[in-house]
Amino acid sequence: MAGKGFTVKKNWDNPVEHAMPVEVRVPAEMRIGPVVVRPATVLAPMAGVTDTVFRRFIRHASLFAGAGVDSGVDLASPVPKCEGPGAPNFSIDGEFGPGAPNSVMGSKVEDDISNAQSGCGLIMTEFTSADGLARMRETKRRRYLTFYEDEHPIGAQLFGSNAETLAEAARIVEETGFDTVDLNLGCPAKRVVGCNGGSGLLRDLPKIGEIFRAVRKAVTIPFTVKFRLGWNDAQIVCVELARMAELEGLNAVALHARTREQGYDGQARWEWIAAVKQAVKIPVIGNGDIRTPEDAAAMVEKTGCDAVMIGRAAPANPWIFRQIAQYTATGRYDVPGVEDRYNMIRAYFEMLLAEEIATRDLPRDGRMGDPVGKMKQFATWFTHGVPGGAKLRAAIYHVHSGNDVLAEVERFFTAHLEAGNETEAVLPDRTENGPAGLEDALLVCD
């Protein structure tokens with residue numbers, strides 16, 4: 001794995017299938033300083049994935065209102081439109097709601113907890129180099145730090161190893177209007193670790209302490225950190241690091257329960273999330289091997305964590321946040337069908353095209369660029385579990401414009417729906433929950 005630079009794997013090694021806990025659910029909210037994260041679910045920062053289009057897509061795909069709660073969202077009606085200059089005129093509709101035919105029942109849960117607005121409580125940017133951010137022109141910063149008002153609350157994640165540079169980058173993040181700033185101490189990629197960034201810093205706790213103090217002094221917005229267990233099994237430092245973060249005034253910690261040496265192999269060791277939770281009073285966010293709503297609830301049950309963070313499962317199942325929110329509020333959640341997936345793919349692709357048009361007249365550094373490559377890459381995730389999806393992926397691969405990609409999507413799903421497959425559920429694959437065919441380099445998270 002080391003020779004591959006620890007890029008994110010698209011599947012899980014012998015994943016554990018968790019049953020839905022009888023009593024426990026993902027908390028309705030978590031507070032990071034003054035920032036309310038409601039519900040307590042976080043979209044993990046992923047390079048090449050969590051740009052402004054994907055973040056807004058997830059936020060709106062996750063809209064949910066609990067039973068007996070009036071949050072202005074009717075699950076049986078089309079989801080409200082995205083807002084902002086680059087927002088297309090679309091809705092993510094279909095029969096994915098309380099009356100949908102495909103449903104997974106959980107235990108009976110009272111409906112006294114609501115998840116208002118969206119099932120995804122906090123979204124994060126792609127991880128951004130502090131060195132690059134401090135040096136780059138304002139127009140280029142726009143490309144990396146662009147967000148719209150409907151993305152709040154939103155955090156920006158930085159990586160680097162120089163305390164002064166990270167502090168300056170954090171100031172830029174605060175001035176840009178982000179709600180939180182996060183330090184990446186988890187990325188295992190060689191190009192990041194080689195500069196002593198990401199998980200490379202886990203071998204130098206005094207240096208991390210210096211960075212904590214510099215960034216904390218530089219900004220007033222909540223400051224958080226995401227890290228791994230340690231460099232390897234002989235150097236597990238997560239509990240000590242969490243205590244240091246609390247001592248230096250950080251507002252929350254997130255733990256991916258694997259070592260850097262482990263990369264994305266094997267099982268995430270949730271017992272260490274529990275150990276960190278017992279060691280500190282600030283909020284603890286658990287990360288690693290959450291593929292389904294059952295996994296999310298099981299992590300909370302086993303670790304006592306205050307929130308869950310979801311990474312590589314989100315592109316394959318953008319509804320996972322909504323499903324978690326549904327279970328929290330009602331004791332059940334809906335499984336999307338083919339028509340739901342069609343509406344979702346079309347909506348995301350239209351958002352990409354709209355963002356390209358909205359940024360076309362900006363200086364080169366601020367433009368989105370041609371969205372076709374990303375449309376082709378994400379087609380692999382979005383057609384995961386759809387019968388005959390390989391044919392659509394092959395057709396998309398050979399076209400050269402965004403409109404042609406949309407035409408192929410329309411043709412494929414129209415044929416499916418005319419064949420009477422509109423209510424066929426697309427269930428998560430619990431043994432290989434990550435489609436093949438997407439370039440590993442697209443996904444680098446932590």
Side-chain angles (χ1 to χ4, degrees), residues 26-46 49-60 62-63 71 82-87 115-128 130 133 141-159 166-186 211-212 214-227 245-246 248-254 282-287 305-311 314 321 325 445:
V26 174
E29 73 172 43
M30 167 188 66
R31 291 180 179 267
I32 302 177
V35 176
V36 179
V37 178
R38 183 183 298 120
T41 53
V42 183
L43 174 65
M46 291 178 280
V49 179
T50 52
D51 59 11
T52 183
V53 177
F54 186 78
R55 295 191 307 260
R56 293 160 67 217
F57 171 71
I58 288 292
R59 175 61 56 79
H60 287 270
S62 303
L63 285 169
S71 67
C82 292
E83 300 173 353
N115 295 295
Q117 297 183 344
S118 176
C120 182
L122 177 67
I123 52 180
M124 304 287 291
T125 66
E126 303 174 71
F127 77 141
T128 303
L133 193 60
R141 287 178 186 169
R142 174 187 171 92
R143 187 176 72 189
Y144 286 95
L145 297 181
T146 291
F147 67 91
Y148 294 100
E149 285 303 308
D150 57 355
E151 295 186 60
H152 289 293
I154 179 173
Q157 189 185 68
L158 303 173
F159 75 91
L166 279 160
E168 175 59 26
R171 278 191 287 267
I172 293 171
V173 165
E174 182 171 40
E175 291 168 359
T176 305
F178 284 89
D179 299 292
T180 71
V181 61
D182 184 74
L183 175 64
N184 181 309
L185 295 181
I211 292 171
F212 282 172
V215 174
R216 180 68 286 173
K217 184 178 179 180
V219 298
T220 60
I221 59 174
F223 174 29
T224 63
V225 61
K226 183 167 188 268
F227 53 96
E246 184 174 47
E248 298 296 348
L250 275 70
N251 301 95
V253 297
I282 57 176
V284 174
I285 303 167
N287 176 236
C305 63
D306 300 283
V308 296
M309 178 179 283
I310 299 170
F321 295 99
C445 61

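On a predicted model such as this, the values are computed, not experimentally measured, just so you know.
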For the residue pair Val219 and Val181, establish whether any side-chain heavy-atom pair is separated by less than 4.5 Å.
-> yes

For the residue pair Leu145 and Leu133, establish whether any side-chain heavy-atom pair is separated by less than 4.5 Å.
-> yes

Which pair of non-hydrogen atoms, one from Ser62 and one from Ile58, has the smallest distance, and what is that distance?
-> OG-O, 2.7 Å

Taking the side chain as every heavy atom from C-beta outward, state whether Val35 and Thr180 have any pair of such atoms under 4.5 Å apart.
-> yes

Aromatic ring pairing His152/Phe147, orientation class (parallel under 30°, perpendicular over 60°, tilted between) = perpendicular

What's the shortest heavy-atom distance between Cys305 and Pro27, and which atoms?
-> O-CG, 4.5 Å

Identify the heavy atoms of Ala167 and Ala214 that sit nearest to each other, and give their distance.
-> CB-O, 3.7 Å

Under the 3.5 angstrom rule, does the side chain of Arg38 hit a backbone N or O of Gly121 as a donor-acceptor pair?
-> no

Do Thr220 and Glu174 have side-chain atoms, one donor and one acceptor, less than 3.5 Å apart?
-> yes

For the pair Arg59 (side chain) and Cys120 (backbone), establish whether a donor and an acceptor sit closer than 3.5 Å, ignoring hydrogens and angles.
-> yes

In this structure, CZ of Arg171 is separated from CD1 of Ile221 (nearest 0.5 Å) by 12.0 Å

Side-chain contact test, heavy atoms from C-beta onward, threshold under 4.5 Å: evaluate it for Leu158 versus Phe127 and give yes or no.
-> no

Leu43 side chain reached by Phe321 side chain, heavy atoms, under 4.5 Å = yes

Note: Ala325 and Gly119 closest approach over all heavy atoms is CB-CA, 3.8 Å

Can any side-chain N or O of Arg31 pair as donor or acceptor with the backbone N or O of Pro34 at less than 3.5 Å?
-> no

Checking Asn287 side chain against Met309 main chain: does a donor-acceptor pair fall under 3.5 Å?
-> yes

Determine whether Phe178 and Thr125 make a side-chain contact, defined as any pair of heavy atoms from C-beta on separated by less than 4.5 Å.
-> yes

Distance col, row Gln157:CD vs Leu183:CG, nearest 0.5 angstrom, shows 7.5 Å

Check whether any side-chain N or O of Glu151 sits under 3.5 Å from a backbone N or O of Tyr148 as a donor-acceptor pair, and report yes or no.
-> yes

Does Asp306 use its side chain to pair, donor to acceptor, with the backbone of Met30 at less than 3.5 Å?
-> no

Nearest 0.5 Å, what's the CG-CD1 distance between Leu250 and Ile32?
-> 11.0 Å

Taking the side chain as C-beta and beyond, is there a heavy-atom pair between Ile282 and Val253 under 4.5 Å?
-> yes

Using a distance-only test with no angle check, is there a side-chain donor-acceptor pair under 3.5 angstrom linking Thr224 and Asn251?
-> no

Check for a donor-acceptor pair, side chain of Thr50 on one end and backbone N or O of Pro45 on the other, with a separation under 3.5 Å.
-> no

Report yes if the side chains of Val36 and Glu29 come closer than 4.5 Å at any heavy-atom pair, otherwise no.
-> yes

Heavy-atom closest pair, residues Met124 and Asp182 | CE-CB, 3.5 Å

